[in-house]
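Notes to accompany the following structure.
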Amino acid sequence: MNREITPYILKRTPEEAAPRKLSIDYAAALNPQQLAAVTAGDGPSLVIAGAGSGKTRTLVYRVAYLIDSGVDPSNILLLTFTRKSAQEMLQRAGELIGVRSERVCGGTFHSVANMLLRRYGRAVGLEPGFTILDRGDAEDLIALVRSQLGLNEKDKRFPRKGTIAEIFSKSENTLRSLDDIVVEEFGHFADHLDALAQLQKGYHAAKRQRQLVDYDDLLVLLRQLLTQDQQARQAISRLYRYILVDEYQDTNRLQADVIRNLAAAHQNVMVVGDDSQSIYAFRGATFRNIMEFPALFPGTTIYKLEENYRSTQPILNLANCIIEEAAEKYAKHLFTRKLDGPLPTLAEATGENAQSRFIAQKILELREEGVPLSEVAVLFRSSFHSFDLEIELSRRELPFVKRGGVKFIETAHVKDLLAHLRVVANPLDAVSWHRVLMLVEGVGPKKAQDLLGALVKSASPYQVLREVSGRSGQGLKNLANTLESLSGSGELGTADQVNHIYEYYLPILKEQYDDYPKRIRDLDHLHTIAEGYPEVDGFLSDLALEPPDGSAIDVEAPDRDDERMVLSTIHSAKGLEWQCVFVIWVVDGKFPSIYSFVTDEDMEEERRLFYVAVTRAKRHLYLTYPINVFDKSSGMLLSKPTRFLDHVSPSMFEQLALIEEGSHADWRGYRDDAY
């Protein structure tokens with residue numbers, strides 16, 4: 001029976017009503033912009049925290065301030081993207097305010113969802129003892145249901161279990177239909193839409209029957225609980241009267257909706273983030289969340305943190321100029337008290353290898369000037385952009401670690417293509433033969449071993465392949481013809497031989513890998529690298545002697561054997577900083593990627609990615625771009641610096657044109673507006 005509840009006000013004593021004396025001098029510890037955010041009153045708040053502006057410090061002091069002001073710590077919820085972030089923030093808050101901070105509920109979205117579902121989950125059909133599937137377990141269950149539904153027996157190849165899990169996950173996290181995800185991002189599987197919908201339904205049913213939830217279900221079911229069970233929503237919202245969210249620009253639609261429902265009883269939500277650093281759309285995050293926060297929470301107060309504690313003003317001037325052209329943004333202007341510093345450098349190289357040699361030479365010079373290798377980073381748009389540089393650094397005995405993405409030479413598709421070249425160069429290479437044979441339809445491990453025994457003994461290995469009959473016969477004949485056409489082909493250059501293998505391998509690539517469109521880009525870049533080698537032997541030798549994985553990373557520089565510079569994708573570098581940063585391949589068509597030219601949204605994300613790269617540098621910033629680069633996929637010759645510099649004044653840079661030692665070129669007429 002529902003009965004209207006009448007509130008009864010408990011009045012405060014005069015002592016309780018008096019302003020509470022704070023234990024921390026917040027004004028002394030924070031700059032004015034940080035202080036305004038930390039001491040904000042009730043209601044929704046959006047803190048736009050520019051790069052290097054003390055975002056974490058602001059959140060830590062906000063937690064301390066709430067506790068200091070009399071808020072029960074158990075009524076504070078701190079949501080972050082990693083458990084480590086939450087732990088570090090609460091530890092720092094504890095150093096300010098004492099052990100009371102230990103009662104704050106802090107963690108990732110998924111860990112908090114897990115805790116709440118075990119307490120309230122019966123309303124959505126979950127028992128407290130439900131089991132969480134990791135990604136591997138989820139994929140195995142998808143494969144089981146797929147087999148039960150007979151979807152393995154379709155005429156056209158059905159997506160693999162990992163791809164199916166990725167499609168389902170993206171649909172859940174972006175609140176978009178399965179059809180939209182497949183058509184827009186996995187168009188080569190559009191013929192399977194009905195079957196995928198059937199499989200998704202079966203997968204959900206199998207989880208419900210077994211009391212299983214996958215990683216995405218934690219948020220999906222929490223959202224369902226909050227929207228369907230008003231009593232639970234009110235209880236949870238009253239428990240967490242103050243909600244703080246870190247890195248809000250990286251949230252997806254599902255997470256934003258969960259936050260909105262968690263705050264149903266009070267609207268006391270403070271989200272912190274930077275619209276200019278929203279760069280994870282490929283993971284399902286959306287720039288729209290931070291832009292639409294004031295509409296989602298009417299009455300939002302916006303605070304801006306613009307004082308930068310990382311970079312010098314010349315670097316910030318460039319960063320401000322880059323983001324100023326963004327189509328949509330919260331206007332802000334980064335400034336610092338570090339007014340002096342060298343101008344950023346824009347260097348034009350005659351090709352990729354000249355770019356690599358410049359970076360290696362400049363790093364050695366900086367090292368002589370006292371910049372340690374650990375304070376140097378080379379950043380790039382895509383993981384394979386550093387491949388040539390990795391070889392050059394190894395030649396110079398400059399040690400590095402690489403972060404973000406699989407190392408180019410270790411990707412399966414690159415290894416596949418190179419294995420074909422190695423077999424032609426050395427017919428006794430049993431390892432490469434085994435890899436090549438296993439790619440042929442109908443050849444399994446046993447058959448590959450049997451063939452290997454015959455191949456390495458035969459004076460005519462290609463004839464051995466042609467004599468095989470059965471299911472693998474035609475595939476082995478095609479392989480033999482392809483390899484034999486390259487054998488002794490002295491007139492074909494390295495790039496032409498790579499291209500010849502590529503044409504043979506492309507149908508295999510499409511059959512083997514669901515994400516083959518992305519892998520094709522890697523092979524296009526391998527072709528570009530091959531153009532720098534007149535002989536195949538030199539190409540293969542460099543890859544074998546100085547592989548980017550293994551010995552190249554383990555090389556130790558004399559007297560500095562504990563130091564490593566960092567090579568990193570920009571996505572993996574977000575939140576980090578170095579004294580000296582090189583951003584390579586800053587050429588239009590590579591950065592922004594030619595694939596981002598299609599939509600305005602993609603182009604704007606590329607701009608933000610460039611902004612993130614530039615703002616990693618503390619003092620030295622080098623932007624390098626090779627010219628006369630042929631892009632195989634588009635058929636375009638790339639020579640222009642990134643369009644994100646089109647409107648930047650030449651006075652913001654020191655411009656370099658790299659020339660070979662001993663060149664007699666007259667550079668007196670080199671244009672001031674070279675870019």
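Side chain of Glu606 to main chain of Ser593: a donor-acceptor pair is present (N/O by atom type, distance under 3.5 Å, no hydrogens or angles). Using a distance-only test at 3.5 Å, with no hydrogens or angles considered, no donor-acceptor pair links the side chain of Ser460 to the main chain of Gln463. At distances below 3.5 Å, not a single donor-acceptor pair connects side-chain atoms of Ser169 with backbone N or O atoms of Ala165. Judged by distance alone, with hydrogens and angles left aside, the side-chain atoms of Lys640 form no donor-acceptor pair with the main-chain N or O of Ile627 at under 3.5 Å. A donor-acceptor pair is defined here as one N or O able to donate and one able to accept, closer than 3.5 Å; no such pair exists between the side chain of Ser572 and the backbone of Ser568. Proximity of a side-chain donor or acceptor of Arg607 to a complementary backbone N or O of Met603 within less than 3.5 Å is not detected. Formation of a donor-acceptor pair under 3.5 Å by the Glu184 side chain with backbone atoms of Ile181 is not found in this model.
Taking both residues in full, the closest heavy atoms of Gly202 and Val145 are given as C-CG1, 3.8 Å, listed atom of the first, atom of the second, then distance. Contact detail for Ala573 and Arg616: the closest heavy-atom pair is O-CD, 3.4 Å. Closest non-hydrogen pair, Gln355 versus Ala349, comes out as N-CB, 3.6 Å. In plain terms, the two heavy atoms of His188 and Asp514 that are nearest each other are NE2-O, 2.7 Å. In plain terms, the two heavy atoms of Arg146 and Pro159 that are nearest each other are NH1-O, 3.1 Å. In terms of heavy atoms, Thr494 sits closest to Val536 at OG1-N, 3.2 Å.
By the neighbour-count criterion of 12 heavy atoms within 6.0 Å, atom CG of Asn628 is densely surrounded, having more than that number from other residues, nucleotides or ligands. Taking a 6.0 Å sphere around CZ of Arg466, one finds it holds more than 12 heavy atoms contributed by other residues, nucleotides or ligands. The environment of CD in Glu441 is sparse: at most 12 heavy-atom neighbours from other residues, nucleotides or ligands sit within 6.0 Å.
A donor-acceptor contact under 3.5 angstrom links the side chains of Gln474 and Asn478, judged on distance only.
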Between side-chain atoms of residues 582-592 and protein atoms elsewhere (two or more places apart, or another chain), which donor-acceptor pairs fall under 3.5 Å?
| from | atom 1 | to | atom 2 | distance (Å) |
| --- | --- | --- | --- | --- |
| Trp585 | NE1 | His385 | O | 3.2 |
| Asp588 | OD1 | Arg643 | N | 2.9 |
| Asp588 | OD1 | Arg643 | NE | 3.1 |
| Asp588 | OD2 | Arg643 | NE | 3.1 |
| Asp588 | OD2 | Arg643 | NH2 | 2.8 |
| Lys590 | NZ | Asp631 | OD1 | 3.4 |

List, one per line, each side-chain donor-acceptor pair under 3.5 Å for residues 278-286, sequence neighbours excluded.
| from | atom 1 | to | atom 2 | distance (Å) |
| --- | --- | --- | --- | --- |
| Ser278 | OG | Gln249 | O | 3.3 |
| Tyr280 | OH | His571 | O | 2.8 |
| Thr286 | OG1 | Arg288 | N | 3.1 |

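Arg564 has its side chain out of reach of Leu373: every pair of non-hydrogen atoms, C-beta onward, lies at least 4.5 Å apart. Looking at Trp578 and Val376, their side chains never come closer than 4.5 Å, going by heavy atoms from C-beta outward. Residues Asp140 and Lys161 are in side-chain contact: their nearest non-hydrogen atoms beyond the backbone lie under 4.5 Å apart. The shortest side-chain heavy-atom distance between Glu390 and Ser356 does not fall under the 4.5 Å cut-off. For the pair Tyr203/Asp214, a side-chain contact is recorded, criterion being any heavy-atom separation below 4.5 Å from C-beta on. No side-chain heavy atom of Val378 sits less than 4.5 Å from a side-chain heavy atom of Phe400. Two residues are said to be in side-chain contact when any heavy atoms from C-beta on lie closer than 4.5 Å; Gln512 and His413 fail this criterion. Here the side chains of Arg176 and Ser171 are not in contact, with every heavy-atom distance at 4.5 Å or above.
Between the CG atom in Leu509 and the CG atom in Leu506 there is a gap of 6.0 Å [rounded to 0.5 Å]. Distance check, rounded to the nearest 0.5 Å: CZ of Arg381 to OG of Ser386 gives 13.5 Å. Interatomic distance, Gln200 CD to Leu196 CG, rounded to the nearest 0.5 Å: 8.5 Å. Within the model, atoms CD1 of Ile501 and CG of Asp416 stand 11.5 Å from one another, a figure rounded to the nearest 0.5 Å. Here Thr482 contributes atom OG1 and Lys477 contributes atom NZ; the two are 13.5 Å apart, rounded to the nearest 0.5 Å. To the nearest 0.5 Å, the span separating CD on Glu172 from CG on Asn252 amounts to 11.0 Å.
A salt bridge links Glu392 with Arg396: at least one charged nitrogen is closer than 4.0 Å to a carboxylate oxygen. Remark: Asp217 does not engage Arg208 in a salt bridge, criterion side-chain N to carboxylate O under 4.0 Å.
In this structure, the ring of His110 has its center less than 6.0 angstrom from the ring center of Tyr215.
Looking at Thr569, Leu567, Leu576 one by one, the single match for side chain to side chain contact (heavy atoms under 4.5 Å, CB included) with Arg403 turns out to be Leu576.
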Residue pair Leu637, Val629: steps toward the side-chain contact (heavy atoms from CB on, under 4.5 Å) verdict: CA-CA 6 Å; Leu637 189 68; Val629 175; 5.9 Å; no
Practice prompt. Let me see the working for Asp524 and Arg519 under side-chain contact (heavy atoms from CB on, under 4.5 Å), right down to the final yes or no.
Written response: CA-CA 9 Å; Asp524 288 345; Arg519 294 175 187 257; over 6 Å; no
Given the rule in the side-chain contact (heavy atoms from CB on, under 4.5 Å) test, do Tyr625 and Thr642 qualify, once you have shown the distances and angles that lead to the verdict? CA-CA 8 Å; Tyr625 67 101; Thr642 175; over 6 Å; no
_Candidate pair Phe358 and Tyr622, rule side-chain contact (heavy atoms from CB on, under 4.5 Å), full reasoning_ = CA-CA 10 Å; Phe358 165 70; Tyr622 296 88; 4.1 Å; yes
request  = Test Tyr502 against His527 for ring pair (Phe, Tyr, Trp, His ring centres under 6.0 Å), laying out the working first.
outcome  = CA-CA 9 Å; Tyr502 171 82; His527 181 269; 8.1 Å; no
Residue pair Ser111, Asn114: steps toward the side-chain hydrogen bond (donor to acceptor under 3.5 Å, both in side chains) verdict
CA-CA 5 Å; Ser111 66; Asn114 174 48; over 6 Å; no
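Listed by first and then second residue, the ring-ring contact (aromatic ring centres under 6.0 Å, His included) pairs that reach into residues 414-435 are His420-Tyr504, sequence neighbours excluded.
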